[in-house]
Amino acid sequence: MSMPGLPPPTHPSCSELLATDDDITAYTTCWPQWTEDVRLDDSLTSAAYESTPGKLRAFLKTGLALTHMRFGESTEERFREVRNAHLGFWRTSHALPVSWSVIAFSAHYAAAARLAAACAAAMLGGVALVGAVCLGGMPTKAALVSLELSGVEDIFSLDTSGLLTLLTSMQAAPGRLVLLHQGELDKAARAARAQGLVCFEECRPPVLAMPESHIFDLEALAFAQAEAFATIQTKKSQRPPDALYLSAQAAVHARLYDSAMPTALLLTPGCEGFWLHSGLTPEFFRMRQEALGLL
């Protein structure tokens, strides 16, 4: 059940990324055959979806729609050539989505909004093959609902060794790895970077602040943020929050750099199911190449 506007999920899990005439490389990408043995049955996500209150699903859908509004889509392949006879140089630039992406998270990860934000960024970046890997057990119900609404159908349960084997087998084509955890996946992160794989990590829950809690749906926010919900503070603290929940009027008039609370992300009522990972955008899932020369 993917959100309108998001690229459709790829299932069965095999796709082709074909190069243009200007690029001699072509990638054919699919999950290794052995992953079928560790693929989660679709009935698990369906059951999680049906057992989650419609109100909570609606907040997450709103968050995904807001993500699409925030970023738009960058699904196309772009090739540009510039020739400057006056300066005597030429330049070309080539940009396109990576072939695959793995969103890996620990078995207790239950922050529905943050998982959905990671999946949506990959989808909006144009990645044809997006897979989710739960490390060390079965995903939480909130994680399954998030994946279902985000349109990610390739969901696997692996241990750290299995994840590294999967990443190694996929490296013939360019890809990206996203890790959502609280330290449990440090070994996987180190190994992935040692392989030269581009990786994004959320390795601690965000700190949230909410001066006016009565104007927000706290049940929805607990579903969206899981363990981070416990960090909500009604008073200013020594550590600046990663997100500040305010009324719409207060958010519009907030100073950009409040010396007491320099928070970049301000969220208003109705946005409980939305999240932005700092540094994780659709552009993270795209690769670029430039060529320069003399005329």
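Small disclaimer: the values here were computed from a predicted structure and weren't measured.
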Problem set entry | Nearest atoms (heavy-atom pairs only) where Leu135 meets Thr160 | CD1-N, 3.4 Å
Exercise. How about Arg204 and Asp242: do any of their side-chain heavy atoms sit closer than 4.5 Å?
Worked result: yes
Problem set entry | Cluster check Leu87, Leu294: I/L/V/M/F/W/Y, side chain < 4.5 angstrom | yes
Exercise. Salt bridge check: are Arg57 and Glu148 linked by an N-O gap of less than 4.0 Å?
Worked result: no
Problem set entry | Heavy-atom check, side chain of Trp90 versus side chain of Leu292, under 4.5 Å | no
Problem set entry | Phe105 side chain reached by Leu179 side chain, heavy atoms, under 4.5 Å | no
List, one per line, each side-chain donor-acceptor pair under 3.5 Å for residues 182-189, sequence neighbours excluded.
{"from": "Glu184", "atom 1": "OE1", "to": "Gln182", "atom 2": "N", "distance (Å)": "2.6"}
{"from": "Glu184", "atom 1": "OE2", "to": "His108", "atom 2": "ND1", "distance (Å)": "3.3"}
{"from": "Glu184", "atom 1": "OE2", "to": "His108", "atom 2": "NE2", "distance (Å)": "2.9"}

Exercise. Which pair of heavy atoms, one from Ala220 and one from Glu272, lies closest together, and at what distance?
Worked result: CB-CB, 4.1 Å
Exercise. Would you say Val102 and Trp100 make side-chain contact, with heavy atoms under 4.5 Å?
Worked result: yes
Problem set entry | Test salt bridge (Lys or Arg N to Asp or Glu O under 4.0 Å) applied to Arg176 - qualifying residues, sequence neighbours left out | none
Exercise. Parallel, tilted or perpendicular: which fits the ring planes of His277 and Trp275, with parallel below 30° and perpendicular above 60°?
Worked result: perpendicular
Problem set entry | Residue pair Gly273 / Ala113: nearest heavy atoms and the distance that separates them | O-CB, 3.5 Å
Problem set entry | Leu265 versus Leu267, closest heavy-atom pair with distance | CD1-CD2, 3.9 Å
Exercise. Are Ile103 and Leu147 grouped together when hydrophobic residues (ILVMFWY) are joined by side-chain heavy atoms under 4.5 angstrom apart?
Worked result: yes
Exercise. Can you check whether Leu60 reaches Phe274 side chain to side chain, under 4.5 Å on heavy atoms?
Worked result: no
Problem set entry | Beyond-backbone contact of Trp34 with Thr165, side-chain heavy atoms, under 4.5 angstrom | yes
For this session: List the steps and the verdict of salt bridge (charged side-chain N to carboxylate O under 4.0 Å, His left out) for Arg114 and Glu202.
Result: CA-CA 9 Å; Arg114 304 201 314 265; Glu202 176 200 84; 2.7 Å; yes
Problem set entry | Heavy-atom side-chain proximity of Glu212 to Ser247 below 4.5 angstrom | yes
Problem set entry | Pro32 and Leu166, any side-chain heavy atoms less than 4.5 Å apart | yes
For this session: Check the pair Asp42, Glu153 against side-chain contact (heavy atoms from CB on, under 4.5 Å), reporting the backbone distance first and the verdict last.
Result: CA-CA 8 Å; Asp42 292 344; Glu153 296 189 351; 5.6 Å; no
For this session: Show the numbers, then the answer: is there a side-chain contact (heavy atoms from CB on, under 4.5 Å) between Val98 and Phe284?
Result: CA-CA 9 Å; Val98 296; Phe284 173 80; over 6 Å; no
